[in-house]
Amino acid sequence: MSFDPFRQLTSRTLVLARDNIDTDQIIPARFLTTTSREGLGKNAFYDWRYDASGAPKNDSPFDHVDLSERRILIGGANFGCGSSREHAPWSLIDLGFRAVISSEIADIFKSNSLKNGLLPVEVNSEAHAQLLKTPDSQVSIDLETQTVTLPDGTETPFVTEPFARRCLLDGVDPLGHLLNQSDAISSYEAARA
Amino acid sequence: MEPLSLFEKLWRRHIVVDETEDAPAVLFIDLHLIHEVTSPQAFDVLAERGIGVRRPDLTIGTLDHSTPTLPPGPDGEWPYATAQAKQQVETLIENCREHGIELFGLGDERRGIVHVIGPELGLTQPGKTIVCGDSHTSTHGAFGALAFGIGTTEVGHVLAAQSVLQRKPKSMRVIFDGLPPKGAGAKDLALAMIAQIGADGGRGYAIEYAGEAITNLSMEARMTLCNLSIEAGARSGMVAPDQTTIDWVKGRQYAPKGADWDKAVEDWLSLASDPGASFDREVHVDVSHLAPMITYGVSPDAAAPIDTTAPAPTSDTERRAAEYMGFEADKPFTDMSVDKVFIGSCTNSRLSDLREAAAILKGRKINEGVTALIVPGSEQVRRDAEAENLHNIFIEAGAEWREPGCSMCIGMNGDTGAPGELVVSTSNRNFVGRQGTGVRTVLASPATAAASAVVGRIADPRQFMNEH
Ligand code: SF4
């Protein structure tokens, strides 16, 4: 999947202050019968945003929020746990998000997000607590320096797996990288045959 | 020689290109299982880029998630939940046909839930690397394979290159101390472990399960345990191959035969962690007093012994969970009334699970207020269960006996609970809405689910076990 390189991002945040936000919350399974990657944003956090009749819920963190201004999602600990569905990052990207910040992000979700240009950012618990406590605040993420500028203006570091970081910064295509190793794969196959 | 862990041995065997600071390792994949939900977009990428499938011979497809569990009508049409579900199934059929991938489609006697059929057919073998666009791929680790779930982009990578780019995970050994008392099985073992280490406790780790309690487990039970590794946040969980493993694999359709078999066995038995092998983390779980476990929250680590009460919530997240689930602090779990019971899923839909449920349902009736759905994990499981007459025990008790598939584990095929209903389920996720909007899921073993169906409330299965 192609996406714009990611360097810096500044945006107001949308805060979902719950731990263990699982992939069934991000995109309920009944929306997974699609065979496309597109258009999943309308179903993202569907049961948080809409009631059974499809009307927007007024106690949801999404209520009255102009999502077009929110490109950074703040989640509680262990964000993205659960299934391997890549529909989760697809749907968040379709909703306009380009980064998720938490104190902990689940492995498969993290890996899936990186492959689609959604930057998973894990910060220390102090920084995380500040982000959770100050919804709607302005936050900047710099992937080159791997720092987040928090609402109070202080900076906090994060680490991105170096290869994924290079893919995001320079638009390197992981599948291309893998296909470039086909000779090595062939030798491996031959040695085992 | 440096003592190596099972994981380390599996990892080293499959390195095509070593990892460097700049790039992850290229890891060769011996078996790629695909299903209808997480593969279509991967095939699209192949088509967009004009790439073929590198090793269709190492790729196997099955239909499980969106497939109906009710039989075809008189017109031969399967009762799909939606036109989109049907289209998803047809897309996989078409993709497999185009790329020469073997598919166990509707009507095929080998079809079933991807993590049930892999082992059953002998495709899953010790020493292999196994991936699938499905997080419960950890199940196959029960055989001493390195098996983990991947996303759709990676499904594309494996289709194109039979390899994945991976950073080496850290290793963890979970040692179960003691032997579980009667009435507590693999599901209870797993829930107790998850409750202890947390839903994120295994994040970043490949787990090896060890201890006498594990050596004593049947293959089916080991699969249940490894299946739930991901609910502790670990992408893979494994058990060292031993005679139990060998006996189980022997003679299965895709298992090695003749001289190859003898060679394979020798190799497989050499995979166990060497004495003195090191792990990044070691955890002990005492199971000597283990009771049947259930979950009371909306994350699998909210699990507790069935004969206790729900703890008082201590955080906002827990308060919301308690409100959603309706468990009150200090009220016995067994006071909670049950609307539905689901026995099935890749966690607990094998023959042994169905026997466990049947032992309790035999000669009893399901409580009036409860509907029970029993869904075998595969066509093979269904045939075996029917050969033992288990289906009649279920039907006579008042349960529904269905076609194999994921069914109410994920509710993609239309099998769901209704808003507000409390479902005691042998599946793996109690997430909000997992089994249908507003459905409250309580995870439990097949015995506990069956006992709850009979009583109409969450019920301790041990009350039905002491009679014989
Ligand atoms: S049974 Fe449930 S967890 Fe297992 S593969 Fe199917 S949907 Fe996933």
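In what follows, every chain begins at residue 1, and chains take the letters A, B, ... in the order their sequences are listed. If you're wondering where the values come from, they're calculated on a predicted model, not measured in any experiment.
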Does CD in A/Gln138 sit with more than 12 non-hydrogen atoms of other residues, nucleotides or ligands closer than 6.0 Å?
yes
Cationic N near anionic O, under 4.0 Å, A/Asp19 to B/Arg320: no
Whatever's closer than 4.5 Å to a heavy atom in chain A on B/Asp30 counts as side chain
Within 6.0 angstrom of B/Glu323 CD, more than 12 heavy atoms from elsewhere | no
Whatever's closer than 4.5 Å to a heavy atom in chain A on B/Leu92 counts as neither
Whatever's closer than 4.5 Å to a heavy atom in chain A on B/Ser66 counts as side chain
One option among A/Ala17, A/Ala164, A/Gly82, A/Ala77 has the most heavy-atom pairs under 4.5 Å with chain B, and it is A/Gly82
- Task: Could you check if a side-chain atom of A/Arg37 sits within less than 4.5 angstrom of a side-chain atom of B/Val45, using non-hydrogen atoms only?
- Result: yes
On a heavy-atom basis, the closest approach of B/Ala160 and A/Leu175 is CB-CD1, 3.9 Å
Here the gap from B/Ile230 atom CD1 to A/Ile108 atom CD1, rounded to the nearest 0.5 Å, amounts to 4.0 Å
Bottom line for A/Pro174: the part with an atom under 4.5 Å from chain B's heavy atoms is both
Crowded around A/Lys57 NZ? As in, over 12 foreign heavy atoms under 6.0 Å? yes
Note: vs chain B, highest number of non-hydrogen pairs under 4.5 angstrom among A/Leu178, A/Ile185, A/Asn112 is A/Ile185
Checked B/Ala23, B/Pro24, B/Gly411 vs chain A; the most non-hydrogen pairs under 4.5 Å come from B/Pro24
request  = Begin from the C-alpha positions of B/Lys168 and A/Glu161 and carry the test salt bridge (Lys or Arg N to Asp or Glu O under 4.0 Å) through to its verdict.
outcome  = CA-CA 12 Å; B/Lys168 189 177 173 187; A/Glu161 192 280 304; over 6 Å; no
Whatever's closer than 4.5 Å to a heavy atom in chain B on A/Ser186 counts as both
inquiry  = Please determine whether side-chain contact (heavy atoms from CB on, under 4.5 Å) holds for the pair A/Glu38 and B/Gln41, giving the CA-CA distance in whole Å, both sets of side-chain angles, and the decisive distance to 0.1 Å.
reply    = CA-CA 10 Å; A/Glu38 314 294 336; B/Gln41 298 88 345; over 6 Å; no
Residues B/Ser299 and A/Asn20: closest non-hydrogen pair is OG-ND2, 3.5 Å
Notebook entry, point to check: Would you say A/Thr35 and B/Gln87 make side-chain contact, with heavy atoms under 4.5 Å?
Noted result: yes
Nearest heavy-atom approach of B/Ser135 to A/Ser84 is N-OG, 3.5 Å
Exercise. Any sub-3.5 Å donor-acceptor pair from A/Glu104's side-chain atoms to B/Asp200's backbone N or O?
Worked result: no
Cut-off 4.5 Å, heavy atoms of chain A, and the answer for B/Val17 is side chain
Tell me, with the steps shown, if A/Arg85 and B/Val37 meet side-chain contact (heavy atoms from CB on, under 4.5 Å). CA-CA 9 Å; A/Arg85 63 187 71 162; B/Val37 182; over 6 Å; no
Quiz prompt | Ionic contact status for B/Glu21 with A/Arg166, cut-off 4.0 Å | solution = no
Turns out that what part of B/His14 lies under 4.5 Å from chain A's heavy atoms comes down to both
Rounded to the nearest 0.5 angstrom, the CG-OG distance for A/Asp107 and B/Ser236 is 9.5 Å
**Asked** Any side-chain heavy atom of B/Arg167 within less than 4.5 Å of one from A/Pro162?
**Response** yes
* When you look at B/Thr437 and A/Arg30, which way does the side-chain contact (heavy atoms from CB on, under 4.5 Å) test go after all the steps? -> CA-CA 10 Å; B/Thr437 310; A/Arg30 60 185 184 280; 3.3 Å; yes
One should read off an interatomic distance between B/Arg434 CZ and A/Asp22 CG, to the nearest 0.5 angstrom, of 8.5 Å
Of the listed B/Ala81, B/Gly436, B/Pro419, B/Ala161, the one with the largest count of heavy-atom pairs under 4.5 Å with chain A is B/Ala161
Whatever's closer than 4.5 Å to a heavy atom in chain A on B/Ser163 counts as both
* Apply the test side-chain contact (heavy atoms from CB on, under 4.5 Å) to residues A/Glu86 and B/Thr153: give CA-CA distance (whole Å), side-chain angles for both, the deciding distance (0.1 Å), then the verdict. => CA-CA 8 Å; A/Glu86 206 157 309; B/Thr153 298; 2.2 Å; yes
In this structure, CZ of B/Arg13 is separated from OH of A/Tyr188 (nearest 0.5 Å) by 8.5 Å
Honestly, the part of A/Ser187 sitting under 4.5 Å from a heavy atom of chain B is neither
message: Is it the case that the side chain of B/Gln88 and the backbone of A/Leu32 share a donor-acceptor pair, with hydrogens and angles ignored and the cut-off at 3.5 Å?
response: yes
field: Close side-chain approach of B/Phe28 and A/Arg192, heavy atoms under 4.5 Å
entry: yes
Distance col, row A/Ile21:CD1 vs B/Phe431:CZ, nearest 0.5 angstrom, shows 11.5 Å
* Asked: Can A/Glu189 and B/Arg54 be counted as an ion pair, charged N to O under 4.0 angstrom?
  -> yes
Most heavy-atom pairs under 4.5 Å with chain A, out of B/Ala234, B/Gly233, B/Gly204, belong to B/Gly204
Answer yes or no: is there a side-chain heavy-atom contact under 4.5 Å between B/Arg203 and A/Cys81?
-> no
Residue from B/Glu231, B/Glu154, B/Glu36, B/Lys86 scoring the most non-hydrogen pairs under 4.5 Å with chain A is B/Glu154
Max heavy-atom pairs within cutoff under 4.5 Å with chain B, candidates A/Ala184, A/Ser182, A/Ala106, A/Ser36, goes to A/Ser36
- May I ask you to decide if B/Val432's main-chain N or O and A/Gln25's side chain share a donor-acceptor pair within less than 3.5 Å? yes
Interatomic distance, CG@A/Leu179 vs CZ@B/Arg49, rounded to 0.5 Å, equals 6.5 Å
*Have B/Gln84 and A/Thr33 got a donor and an acceptor in their side chains that come within less than 3.5 Å?*
yes
